[in-house]
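First up is the structure itself, then whatever we jot down about it.
Chain A is the first sequence line, chain B the second, and so forth, proteins listed ahead of strands; every chain is numbered from 1.
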Protein chains: 2
Amino acid sequence: MKHTTINDIARKLGISPSTVSRALSNHPDVKEETKKKVRNVAKELNYTPNQIAQSLKTKRTNAIGVIVPEIKHDFFSSAISGIEEVAYHSGYTIIVSQSNESFEREVVNTTALVQQRVAGLIVSISQSTKSGEHFQALIDRGIPLVFFDRVINELDVFKVIIDDKQSAFKAVMHLIERGYRKIAHLAGPRTLEICKARLEGYKEALSYAGIPFNEGFVIYGGMHENDGYVSMDKLIKNGTVPDAIFAVNDPVAVGAFQRIKEAGMKIPDEVGIVGFSNNKITTLVDPPLTTVDQPSFEMGKKAVEILINLIENPEKDIKPSVVVLDAELIVRKST
Amino acid sequence: MKHTTINDIARKLGISPSTVSRALSNHPDVKEETKKKVRNVAKELNYTPNQIAQSLKTKRTNAIGVIVPEIKHDFFSSAISGIEEVAYHSGYTIIVSQSNESFEREVVNTTALVQQRVAGLIVSISQSTKSGEHFQALIDRGIPLVFFDRVINELDVFKVIIDDKQSAFKAVMHLIERGYRKIAHLAGPRTLEICKARLEGYKEALSYAGIPFNEGFVIYGGMHENDGYVSMDKLIKNGTVPDAIFAVNDPVAVGAFQRIKEAGMKIPDEVGIVGFSNNKITTLVDPPLTTVDQPSFEMGKKAVEILINLIENPEKDIKPSVVVLDAELIVRKST
DNA sequence: TCATTTTCTGCAAACGTTTGCATAATTCGA
DNA sequence: TCGAATTATGCAAACGTTTGCAGAAAATGA
């Protein structure tokens, strides 16, 4: 009733399914005349190859699995856009799932993708992921895997990242050059390497500039706008108002930004603020935010390019490496 | 080398694959003791069912295809989030593709999804889609299809939308109540029904209020920020500066917003502005934008709920209907 | 004209499952 | 203790392809 098969075509033409198969894949063995007939009937009957059957036989799929913490997050959605873009042009399709920052869900998603026999996976881990066993299992089975942005250092796979520490260093140095001295850091979850690295960069810049590190100026929180708001609120309530903020990412920066405005403090005169990621919002707030341009779209593209290369060259086992993309500091009016 | 199969388990236990299959799916016919043994070996060998083979046999898949114009667009990425959320909890997986506003690519994506034998599709059409044949083909084959937001009126399928005309009407009436009289509309592509509807609502509000319709106050453009900027620029260059703007969506509103600021005009005193969609940015610009709250996340959820219902009840052929979700006007400081 | 080569087509097995049906193994009643 | 009823297992076909191999048909040469 539903889909026509190669057999329907064969029956209609009184030839064998094998010939039809070969005709459709333009095999040189089959006569041009037969090919034509087959193609016509195929069109006439609205034939679409059953990729499920093809995959079963050939043991290849053109599906790439993608797992991110949250699809709607600006950084990830544009990374996914980049992934889809390249995948599309290479004839791959992407299966997208989100972990919602939950470790369990990340594991479930991973096995779901394995069951679907995706050709490979691109992953940015959840903030509650403390173990990499589910990914190690992929590696053991020889399923190509590429991490981007949020990676697990211990695992020996390809990683597409930026130099978080160096970028953070540059951002904080910029604040220092602008004359800010009481610089607070709104940090992300301690579990994430990117957050650790950004914190490191912050500390290093302070020490480089001879500014003593003050534990009370590091406020840990999540990666969302609300976290930034809450963290800033804490600083204000504690009476330890800094003269500048380095936020772990843009949503956090924007949250802090709002709290600062509510407190009636002037940006950048009373408080300078630097974000991280170059989300679209940063250009739209007033004043626009200084931030680190994290090339989300390009990171997605790069990750999938690497993955496809791995998929299509299974024999030469390519040594995993860490690809570090450039991330520039974009200076705007908030500093 | 790669994946263990049911046969590996069978061989290891000296039983038949059929028994293993039944054991794993907890069939009552197989003895508890055998089940245990099977489960143990399955775990030991790291068995994951090959869903490709399962699908081929059962003729069912748990993949849902999603096609949107652009993944990174705020509205769509949060709709996709909603879709994934519900899909995940119902055991489905989503294959996401973007048309990039290209008709051809939309067609390619559609057939790619059909080849993968997705259980159903959720689509928001591209702005250059003028024909619905590729979707009609789905309907003819009995493949469940749900449109959301950007729909094709002529096709008899489920649609999840908001009342665009009514919402536009409310938005423009609000401007009128605020005292604005020279209201321009930055319209979207004439091909999209949502754009036509919003234009209609605009016209109707004017006529309702007895304000004569002025052709020169409708500027057609795309759906992006830059389009808003350009359209606003035209109005300014033409010397026909309105005292209020009703934009077809938020990005366009924000683009106009920036051009207005550049021109040194005060919002809302000299120019009022209303957007459409309630993108996150609208709360962050200064002043925050009045806009129509289009529940993207919920639209995604609703669409996939309908789709799953269609997928899981193929026998009772459910009559397609149009689901209209509520969209409230959110009044902020820009009007 | 017939043997030989070349060109084209079909048979059948395989991919990893599921499942109707047959049958082996076990349990039960008398 | 034996046949019947019950319980548990296996056989084999099927899902829609691909592909090695065999062999039919056509073309070639002498």
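The side chain of A/S18 lies closest to C/dA12, out of C/dA12, D/dG16, D/dG10.
Note that OG1 of B/T110 is 11.0 Å distant from CD1 of B/I125, once rounded to the nearest 0.5 Å. Between the CG atom of B/N109 and the NE2 atom of B/H134 there is a distance of 9.5 Å, given to the nearest 0.5 Å.
Rounded to whole Å, the distance from CD1 on B/I9 to P on C/dG16 is 13 Å. As rounded to whole Å, 16 Å separates atom C1' of D/dT17 from atom CD of B/Q116. B/R11 has its CZ atom 16 Å from the C1' atom of D/dG10, to the nearest Å. Rounded to whole Å, the distance from CG on B/N7 to C1' on C/dG16 is 7 Å. Protein atom CG of A/D8 is 13 Å distant from nucleotide atom C1' of D/dT17, rounded to whole Å. We find that CZ of B/R22 is positioned 9 Å from C1' of D/dA8, with the value rounded to whole Å. Between A/R60 atom CZ and D/dG16 atom P there is a gap of 20 Å when expressed in whole angstrom units.
In terms of phosphate contacts, A/T19 brings a side-chain nitrogen or oxygen within less than 4.0 Å of OP1 or OP2 of C/dG10. Dashed line: the shortest gap from a side-chain N or O of B/S21 to OP1 or OP2 of C/dT18 is under 4.0 Å. Residue B/T5 has no polar side-chain atom (N or O) positioned under 4.0 Å from OP1 or OP2 of C/dG16. For D/dA14, neither phosphate oxygen OP1 nor OP2 lies less than 4.0 angstrom from any side-chain nitrogen or oxygen of B/K59.
Listed by residue number, the members of residues 24-39 of chain B with any heavy atom below 4.0 angstrom from DNA chain C form an empty set. Within residues 50-58 of chain B, the residues approaching DNA chain D are B/L56, B/K57, by heavy-atom distance under 4.0 Å.
Under the side-chain contact (heavy atoms from CB on, under 4.5 Å) test applied with A/I194, the options A/I162, A/D149, A/I161 reduce to a single match, A/D149.
Closest approach of A/G120 and A/L307 over heavy atoms only: C-CD2, 3.8 Å.
Judged by a 6.0 Å distance limit and a 45° cone about the ring axis, B/K302 is not positioned over the six-membered ring of B/F148.
A salt bridge links A/R150 to A/E101: one of the charged nitrogens lies within less than 4.0 Å of a carboxylate oxygen. Using a cutoff of 4.0 Å between basic side-chain nitrogens and carboxylate oxygens, A/E84 and A/K301 are not scored as salt-bridged.
No more than 12 heavy atoms of other residues, nucleotides or ligands shown are found within 6.0 angstrom of CD on A/E133. Atom NZ of B/K130 has more than 12 neighbouring heavy atoms from other residues, nucleotides or ligands inside a 6.0 Å radius.
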